[in-house]
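Accompanying notes for the structure given below.
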Amino acid sequence: MLSTRAPAKINLTLHILGRRADGYHALESLVVFSGAGDTLSLTPGPALSLDVTGPTAPAAGASDDNLVLRAARNLAGRIEGLHLGAFRLEKRLPVAAGIGGGSSDAAAALRLLAHANDLAADDPRLYEAARATGSDVPVCLAGRARMMRGAGESLGPLLSLPLLPAVLINPGVPVETRPVFARLGLQPGESVSGGAHPEILSGADAPALLALLEKGRNDLEDPACLQAPVIVDVLAVLRAARGCRLARMSGSGATCFALFTTPQTAARAARAIRRQHPEWWVKTAALR
């Protein structure tokens with residue numbers, strides 16, 4: 001049996017540049033990953049199957065439509081004779097939460113199939129299958145910090161960033177991506193004039209990186225707050241936490257994050273928030 005992590009994807013920034021002629025929104029986003037998330041295993045065999053367990057499995061939907069199977073089929077369609085097998089997904093991340101849980105699961109499936117079939121990590125067919133599966137799947141293949149541009153198909157080089165202690169909160173309200181983008185009201189071919197994304201380079205220390213992140217934004221935050229007003233409450237709680245340096249929504253919501261200077265201050269904040277809001281999903285994380 002082969003096994004790998006499918007970590008949460010966090011958009012530290014998410015700038016919307018406009019809407020392309022093909023209908024997709026053009027974006028620019030600094031993406032990082034947590035140290036924990038879902039777990040996916042593969043037992044190689046002749047038939048393709050998926051068993052989903054774990055605390056958030058009921059919200060993951062029907063197995064036949066799961067992105068794990070979709071990714072596997074997309075890769076099998078590009079590689080004749082691809083060895084498949086039985087996947088087992090331990091689902092811990094919230095669903096429709098803006099942290100790429102399904103996309104990260106799909107990328108994990110491609111990594112496992114690559115290992116089982118002796119494919120190189122940079123085999124272009126892995127990227128092609130990832131792109132065919134979903135916009136966020138390519139950036140999740142490596143599971144490392146990098147810039148994502150376009151509609152997710154253009155990836156910058158892997159970045160070496162300092163570890164960022166964080167608290168993640170999801171209030172338990174699923175937020176579908178399509179209505180959030182629709183609230184932007186952009187027509188195909190329309191551009192947005194906004195501030196340029198700060199240049200992110202490898203090697204910056206934590207204070208320098210935080211200063212750059214403060215110049216960024218998530219352009220989906222306002223429309224997502226209209227879609228799910230509880231996000232406003234989550235952000236207020238995070239910004240009020242002692243030691244919080246920056247609080248922002250990830251992706252299209254509803255998960256939000258706060259960055260702290262030390263793991264200890266993040267842990268104290270998480271404990272206090274859990275006592276105040278036991279119904280929320282509250283996790284500490286090390287983002288990198």
Side-chain angles (χ1 to χ4, degrees), residues 4-33 37-38 40 42 48 50 60-61 64-84 87 89 93 95-159 176-178 180-181 186 188-189 197 220 250-252:
T4 188
R5 292 184 305 106
K9 170 196 67 70
I10 305 297
N11 299 88
L12 293 181
T13 60
L14 204 166
H15 293 196
I16 301 298
L17 307 181
R19 193 173 181 190
R20 307 190 315 196
D22 61 8
Y24 286 100
H25 288 78
L27 57 84
E28 195 168 24
S29 177
L30 174 59
V31 175
V32 295
F33 292 85
D38 300 335
L40 186 68
L42 170 66
L48 176 63
L50 172 65
D64 286 347
D65 194 42
N66 193 284
L67 291 184
V68 167
L69 294 182
R70 197 181 304 176
R73 293 177 183 130
N74 282 329
L75 187 61
R78 289 164 170 78
I79 301 178
E80 185 176 355
L82 185 77
H83 298 297
L84 299 169
F87 286 102
L89 176 62
L93 295 175
V95 176
I99 52 176
S103 296
S104 190
D105 296 340
L110 294 174
R111 291 196 301 272
L112 290 176
L113 289 172
H115 184 72
N117 288 271
D118 295 322
L119 300 177
D122 59 354
D123 190 307
R125 293 170 294 184
L126 292 173
Y127 171 84
E128 292 168 5
R131 179 66 184 143
T133 304
S135 297
D136 282 346
V137 181
V139 78
C140 293
L141 270 176
R144 297 262 309 277
R146 66 197 315 173
M147 292 296 301
M148 175 176 70
R149 298 181 175 88
E153 77 279 7
S154 178
L155 303 178
L158 296 176
L159 296 170
E176 295 298 328
T177 299
R178 187 181 298 273
V180 173
F181 274 99
L186 297 176
H197 196 287
L220 296 181
S250 176
S252 57

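Starting from 1, each residue takes its place in the sequence as its number.
In this structure, Asn11 CG and Thr13 OG1 are separated by 7.5 Å, a value rounded to the nearest 0.5 Å. The distance from the OG atom of Ser29 to the CG atom of Leu14 is 4.5 Å, given to the nearest 0.5 Å. The line from CG of Leu42 to CG of Leu84 is 8.5 Å long, rounded to the nearest 0.5 Å. With values rounded to the nearest 0.5 angstrom, Phe33 atom CZ is found 4.0 Å from Cys140 atom SG. With rounding to the nearest 0.5 angstrom, the CG atom of Asn117 is 9.5 Å from the CG atom of Leu126. Put simply, CG on Asp65 and CZ on Arg70 are 5.0 Å apart, with the number rounded to the nearest 0.5 Å.
Ion pairing between Arg5 and Asp38 fails under the 4.0 Å rule for side-chain N and carboxylate O. Between Glu153 and Arg20 there is a salt bridge, with a side-chain nitrogen of the basic residue lying less than 4.0 Å from a carboxylate oxygen of the acidic one.
Within 6.0 Å of OH in Tyr127 there are more than 12 heavy atoms belonging to other residues, nucleotides or ligands.
Side-chain atoms of Lys9 and Val31, non-hydrogen and from C-beta on, do get closer than 4.5 Å to each other. At a threshold of 4.5 Å between non-hydrogen side-chain atoms, the residues Leu27 and His15 do not count as touching. Using a 4.5 Å heavy-atom cutoff, the side chains of Asp105 and Phe87 are not in contact. You'll find the side chain of Leu113 stays beyond 4.5 Å of the side chain of Ile79, heavy atoms only. Between Leu89 and Leu50, the closest side-chain pair of non-hydrogen atoms falls below 4.5 Å. A heavy-atom distance below 4.5 Å is found between the side chains of Arg78 and Glu128. The side-chain heavy atoms of Leu186 and Phe181, taken from C-beta on, include no pair separated by under 4.5 Å.
Taking all atoms of both residues into account, the shortest heavy-atom contact from Ser252 to Thr177 is OG-OG1, 3.1 Å. When all heavy atoms of Leu110 and Ala129 are compared, the pair lying nearest together is CD2-CB, 4.1 Å. Ala21 and Pro188 make their closest contact through O-CB, 4.1 Å (heavy atoms, listed as atom of the first residue, atom of the second, distance). The two atoms that bring Ala130 and Leu141 nearest to each other are CB-CD1, 3.9 Å, heavy atoms only. Minimum interatomic distance between Leu30 and His197 (heavy atoms only, all atoms of both residues): N-NE2, 4.1 Å. For the pair Val32 and Ala145, the tightest heavy-atom approach, listed with the atom from each and the gap, is CG1-CB, 3.9 Å.
Listed for the Arg19 side chain is no donor-acceptor partner under 3.5 Å among the backbone atoms of Gly189. With hydrogens and angles ignored, the 3.5 Å screen pairs no side-chain donor or acceptor of Ser154 with any backbone N or O of Gly150.
Glu176 meets the side-chain contact (heavy atoms from CB on, under 4.5 Å) test with Ala96, Pro179; sequence neighbours excluded. Arg73 pairs by the side-chain contact (heavy atoms from CB on, under 4.5 Å) definition with Leu48, Leu69, not counting sequence neighbours.
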